[in-house]
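Just so you know, these numbers use all the heavy atoms, side chains as well, and skip hydrogens, waters and symmetry mates.
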Amino acid sequence: MSPTPEQRRAARHQLGTDSTAPAARRGPSGGRKKPITVDAIISTAFGLVETEGYEALTMRRLAAALETGPSSLYAHVVNKEDLDELLIGRLCAEIDLPEPDPAAWRQQIVSVCTRLRDQYLRYPGISRAAFAAAPSNLDTLRVAEGMLAILLAGGINPQAAAWAVDSLSLYVGAYSLELSLANRRIGRGDDGWVVGRDELLRRFAALPDTFPQTKRYAAELTAGTVHDRFDFTVGLMIDGLPGSRRDS
């Protein structure tokens, strides 16, 4: 009896590879097309997200890009959620993790968060695939393991370190998603909702006097680049951890 999709998924997680044989193409053009594999599915999915955004990625759209039917995909991936986990896992696999250093733990955790952010930003909206899921992909879990080890090396108590990994990962994903959405709106010429600093300053200056703090501190509210704000927020989260040492 052929293995079920769940068994194939479990085998992938155990071995870290595509454990199934390539699916043979059927039909008159089958011999001229590349076989369908998990790697081919993932690579094609990333191509779609890069050009059309994550919201365009469906199993039907992916099957069309591979010139096959959705049923052929389900021979390799369990469902869309399984595909999401494979995509995030592939991005996480490319992240180098440092050996935890008690003397440099703050810089190390910021570096991992920044690298994860940059991975997400390569593919518009892809961080949405990491939300509302308990990861089981070994590459995704490897990054979480590395972040936890860094925080523990910095003297953060285990419970705070565990929750910090979750909080930092959530912030990185949300930040990346918002920036991706803003960039796509700009790319579509939808400048009514995404505006620059000069326009924001003009709008704040035009507010009624019932917004005295916003009008007074408009320069501060609009200062810095988006990545400046990212660095500030990650630093704020780290400095607020029980046991964190600013001088470490």
Practice task
Taking Gln119 for its side chain and Leu91 for its backbone only, find out whether a donor-acceptor pair lies under 3.5 Å.
Solution key: yes

Practice task
Decide yes or no on side chain to side chain contact (heavy atoms under 4.5 Å, CB included) for Arg128 and Asp84, but give the supporting numbers first.
Solution key: CA-CA 9 Å; Arg128 190 182 304 174; Asp84 285 343; over 6 Å; no

Practice task
Dump the intermediate steps for side-chain hydrogen bond (donor to acceptor under 3.5 Å, both in side chains) on Arg117 and Ser176, then the final yes or no.
Solution key: CA-CA 6 Å; Arg117 175 202 71 190; Ser176 302; over 6 Å; no

Handout entry: Audit row: Leu121, Leu179, side chain to side chain contact (heavy atoms under 4.5 Å, CB included) steps and yes/no
Key = CA-CA 8 Å; Leu121 291 177; Leu179 188 55; 3.8 Å; yes

Practice task
State plainly whether one hydrophobic cluster holds both Phe204 and Tyr217, where clusters connect Ile, Leu, Val, Met, Phe, Trp and Tyr through side-chain heavy atoms under 4.5 angstrom apart.
Solution key: no

Handout entry: Ala65 to Thr44 - nearest heavy-atom pair and separation
Key = CB-CG2, 3.7 Å

Handout entry: Ile41 CD1 to Leu86 CG distance, which is reported to the nearest 0.5 Å
Key = 8.5 Å

Problem - Distance in Å, Leu116 CG paired with Ile95 CD1, rounded so as to fall on 0.5 Å steps - result: 4.5 Å

Completion exercise
When every non-hydrogen atom of Ala162 is compared with those of Leu148, the smallest separation belongs to N-CD1, 3.9 Å

Exercise for the section: Answer yes if Ile156 and Trp163 sit in the same cluster of Ile, Leu, Val, Met, Phe, Trp and Tyr residues linked by side chain heavy atoms under 4.5 Å apart, and no otherwise. Expected result: no

Problem - Closest contact, heavy atoms only, Glu94 versus Arg115 - result: O-NH2, 3.4 Å

Handout entry: Under 3.5 Å: donor-acceptor pair, side chain of Ser72, backbone of Thr68
Key = no

Exercise for the section: Would you kindly confirm whether Leu177 and Leu170 end up in one hydrophobic cluster when ILVMFWY residues are joined by side chain heavy atoms under 4.5 Å apart? Expected result: yes

Problem - Interatomic distance, Lys80 atom NZ to Thr58 atom OG1 [nearest 0.5 angstrom] - result: 8.0 Å

Handout entry: Ring centroid separation Tyr171 to Phe230 under 6.0 Å
Key = yes

Problem - Taking every non-hydrogen atom, the tightest pair across Cys113 and Met147 - result: SG-CE, 4.1 Å

Problem - Gap between atom CZ of Phe232 and atom CG of Asp239 - 0.5 Å precision - result: 9.5 Å

Exercise for the section: Can you see which heavy atom on Ala63 is nearest to which on Pro70, and at what distance? Expected result: CB-N, 3.6 Å

Practice task
Output all residues satisfying side-chain hydrogen bond (donor to acceptor under 3.5 Å, both in side chains) with Glu52, sequence neighbours left out; order by chain, then residue number.
Solution key: Arg61

Practice task
May I ask you to say whether Arg142 pairs ionically with Glu145, meaning some side-chain N is under 4.0 Å from a carboxylate O?
Solution key: no

Completion exercise
Taken in chain and number order and not counting sequence neighbours, the residues that satisfy side-chain hydrogen bond (donor to acceptor under 3.5 Å, both in side chains) with Asp228 are Thr225

Practice task
Give a yes or no on whether Glu178 atom CD has more than 12 heavy-atom contacts from other residues, nucleotides or ligands under 6.0 Å away.
Solution key: no

Practice task
Keeping the roles fixed (side chain from Ser127, backbone from Gly173), state whether a donor-acceptor pair exists under 3.5 Å.
Solution key: yes

Handout entry: Same apolar cluster (I L V M F W Y, side chains within < 4.5 Å links), Val226/Tyr120
Key = yes

Problem - Side chains of Asn137 and Ile88 in contact at under 4.5 Å (non-hydrogen atoms) - result: no

Problem - Cation-pi, Phe46 ring and Arg90 (6.0 angstrom, 45 degrees) - result: no

Problem - Nearest atoms (heavy-atom pairs only) where Leu152 meets Ala161 - result: CD2-CB, 4.0 Å

Exercise for the section: Show your working on side-chain hydrogen bond (donor to acceptor under 3.5 Å, both in side chains) between Gln213 and Arg216 and close with a plain yes or no. Expected result: CA-CA 5 Å; Gln213 306 308 325; Arg216 180 177 181 180; 5.0 Å; no

Completion exercise
Residue set satisfying side-chain contact (heavy atoms from CB on, under 4.5 Å) with Ser71, at least two apart, ordered chain then number -> none

Problem - From CG (Leu83) to CG (Leu57), nearest 0.5 Å - result: 5.5 Å

Handout entry: Separation of Asp39 CG from His76 NE2 (nearest 0.5 Å)
Key = 10.5 Å

Practice task
Would you please test Tyr74 and Asp82 for side-chain hydrogen bond (donor to acceptor under 3.5 Å, both in side chains) and show each step?
Solution key: CA-CA 10 Å; Tyr74 293 122; Asp82 187 25; over 6 Å; no

Exercise for the section: Quick one: do Glu85 and Thr140 satisfy side-chain hydrogen bond (donor to acceptor under 3.5 Å, both in side chains)? Show the steps, please. Expected result: CA-CA 8 Å; Glu85 191 170 32; Thr140 304; 5.7 Å; no

